[in-house]
Number of protein chains: 2
Amino acid sequence: MKKYEMILYDLEGKIKNKTVKENELLPSENELVKHYDASRATVRQALKILEERGLIQKQKGRGSVVIASSKLNFPISGLTSYKELQASLGFESSTHVVTFEKLIIDQELANQTLFKLGTEVWHILRTRQINGKAVVLDRDFIKYDIAPDMTREAVADSLYHYLENQLNIDISFAQKEITIDFINDEDKKRLDLNPLDRHVVSVKSHVFLNDATIFQYTDSRHQVDKFQFTEFARRQKR
Amino acid sequence: MKKYEMILYDLEGKIKNKTVKENELLPSENELVKHYDASRATVRQALKILEERGLIQKQKGRGSVVIASSKLNFPISGLTSYKELQASLGFESSTHVVTFEKLIIDQELANQTLFKLGTEVWHILRTRQINGKAVVLDRDFIKYDIAPDMTREAVADSLYHYLENQLNIDISFAQKEITIDFINDEDKKRLDLNPLDRHVVSVKSHVFLNDATIFQYTDSRHQVDKFQFTEFARRQKR
DNA sequence: TAGTGGTCTAGACCACCCG
DNA sequence: GGGTGGTCTAGACCACTAG
């Protein structure tokens, strides 16, 4: 384990178990340097990550304050998979794999997914049930040659768990888009929708590996009244 | 101007005007050190910011690649105000101030806004017109003592511009939430909605200053087919 | 005025990628 | 094996906050 990770996890623990309470100051950087026997740069690397995650706010001339709203801040932002989300929120749900097949990208799919024409991909369609109702419909396209041995069972559990822990694939970043789309035939067929609803929430993502190549396109379609998206955002200075 | 900002702006410019093309490598950190006559830590500080903004992807043992999807990546994420968004997207629009008043937080508002009971706030209701149609309804509550001299005219232009450039207020971070809400009476009265629509998109934000105190609560309500939210997200290693 | 975080330097060793 | 980014050190000066 790297030194800055040690410091990060230790401080994160102290914030989460309230050893340092909300609106209180962390020890100063110089004190942390002594306490962890590290250089100031290393301590600052750990503090930077806590700040990015919205756990602390640094103030010049004063110190690092623990942010009060951490109780509000649950992690749908960043890049979080359904399975992780389910675990962190603690509700019961199940996944049904509707379609699991290999196909080749045609012109129409190429425009939508950003995969090159002719690329071999897995095409996966899954529904997510909460309390027996299908409330989310996920359509995934995943580069075939990255995961040729994928199985129906693996994707029924968690796609990301399989890719990261079984295959050691380095998922790096994504471009996401949220829009409100009209319900289509597939939505109507697969989801338990309110008959008065005309729309679903669509979250479309292009997901890239560490080498900046695209490896996944997803369209996740949610029943409107079951959808919530939260994020912690910092103001960009220009 | 700080040295790392110089380097940041220079590299940002070279990426945006295609001096370094997509999927190509930036000069190595050591080359940048020589070129800018800076230490490696300073160069790395600039590169870190480019990486956070989704302009480059760093790869150990290889270099920093310019990310191809920058054309897709427009800045609704982070903390961006309507006025800035309008400017960056280039469409024509206007703002109408419906309500501009001072009021005191009661129990119900305290729960919703997170302002303490009895806090004095500005209450501002604005509609945003595109092509003559009211498509967004913004309701703002802003801590009164931070901006006691605010005027109706200032908020008709841009609230954030006024607060940051006129008052030098240090807006720092926000907790945001996107949900699909049922249309209420105020929405019906102020927005030009499709008569078949039952929902609006609601973006609720708690906005905090650098000292971690709350100074603004906003509920921004959008006509469903005019709404789009995009973000660049990085996978969090756990 | 003492202490804080922000910026910057010059050096070092490592793991990793690629030819 | 040579070059890359990742981690870490020991120092320095500055701007800012607070008592």
Side-chain angles (χ1 to χ4, degrees), chain A residues 1-11 20 23-52 55-67 168-170 172-173 209-213 234-237, chain B residues 1-11 15 20 23-52 55-67 168-173 209-213 234-237:
Chain A
M1 164 116 31
K2 292 150 206 161
K3 203 163 186 175
Y4 81 89
E5 288 181 330
M6 288 290 308
I7 300 173
L8 169 62
Y9 293 142
D10 194 53
L11 291 175
V20 189
N23 289 317
E24 285 183 1
L25 293 172
L26 288 183
S28 76
E29 294 184 353
N30 280 322
E31 286 172 315
L32 294 173
V33 162
K34 287 177 208 151
H35 184 270
Y36 294 108
D37 188 28
S39 73
R40 197 165 152 229
T42 303
V43 166
R44 282 175 61 78
Q45 190 173 0
L47 292 176
K48 182 89 186 333
I49 295 171
L50 290 177
E51 188 177 28
E52 282 167 10
L55 292 172
I56 64 170
Q57 173 65 40
K58 297 179 99 180
Q59 288 167 233
K60 195 192 296 191
R62 186 146 178 263
S64 298
V65 192
V66 175
I67 288 180
N168 271 315
I169 287 175
D170 197 356
S172 184
F173 62 91
L209 299 178
N210 180 260
D211 65 1
T213 59
R234 285 196 176 271
R235 176 90 173 144
Q236 309 268 347
K237 310 291 181 213
Chain B
M1 164 116 32
K2 292 150 207 160
K3 203 163 188 174
Y4 80 90
E5 289 180 332
M6 289 290 307
I7 300 173
L8 169 62
Y9 293 142
D10 194 54
L11 291 176
I15 292 170
V20 188
N23 290 317
E24 286 182 0
L25 293 171
L26 288 182
S28 75
E29 294 183 355
N30 280 322
E31 286 172 314
L32 294 173
V33 162
K34 287 178 209 153
H35 184 270
Y36 293 108
D37 189 28
S39 72
R40 199 168 150 225
T42 303
V43 167
R44 283 175 60 79
Q45 190 174 0
L47 292 176
K48 182 89 187 328
I49 295 171
L50 291 177
E51 188 177 28
E52 282 167 10
L55 293 172
I56 64 169
Q57 173 64 40
K58 298 179 101 183
Q59 290 167 233
K60 193 192 299 190
R62 192 153 171 257
S64 297
V65 192
V66 175
I67 288 180
N168 271 315
I169 287 176
D170 196 356
I171 296 165
S172 185
F173 61 91
L209 299 178
N210 181 262
D211 65 1
T213 59
R234 285 195 177 271
R235 176 89 174 142
Q236 310 267 349
K237 310 291 180 215

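A, B, ... follow the sequence lines: proteins, then strands. Residue 1 opens every chain.
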- When rounded to whole Å, the NZ to P distance for the pair B/K48 and D/dG5 reads 16 Å

- Rounding to a whole Å, what distance do you find between B/D170:CG and D/dC16:P? 12 Å

- Take atom CG of A/L50 and atom C1' of C/dG5, then tell me their distance rounded to the nearest Å. 15 Å

- Counting a pair only when it is Watson-Crick or G-U and both distances are under 3.5 Å, which runs of at least 3 such pairs involve DNA chain D? C:1-18 with D:1-18

- Query: Mapping A/Q59 and B/Q59 to their closest nucleotides on DNA chain D, which lands nearer the 5' end?
  - Reply: B/Q59

- Item | Nucleic acid contacts - residues 23-31 of chain A versus DNA chain D, non-hydrogen atoms under 4.0 Å | none

- Message: Using the salt bridge (charged side-chain N to carboxylate O under 4.0 Å, His left out) definition, which of the options B/K60, B/K48, B/K58 pairs with B/E29?
- Response: B/K58

- Message: Rounding to an integer number of Å, can you tell me how far A/D211 CG sits from C/dC18 P?
- Response: 9 Å

- Summarise protein proximity over nucleotides 7-17 of chain C in one line of letters, 5' to 3': B for base, S for sugar-phosphate only, - for none, counting protein heavy atoms closer than 4.0 Å. BSB--B---BB

- Item | Nearest-Å distance for atom pair CG/C1', residues B/L32 and D/dG3 | 14 Å

- Note on the structure: Separation between NZ (B/K3) and OG (B/S39), nearest 0.5 Å, reads 7.5 Å

- Task: Check the distance between C/dT4's P and A/I56's CD1 and give it to me in whole angstrom.
- Result: 15 Å

- Identified side chain to side chain contact (heavy atoms under 4.5 Å, CB included) counterpart of A/L47 within the set A/L26, A/L55, A/L8: A/L26

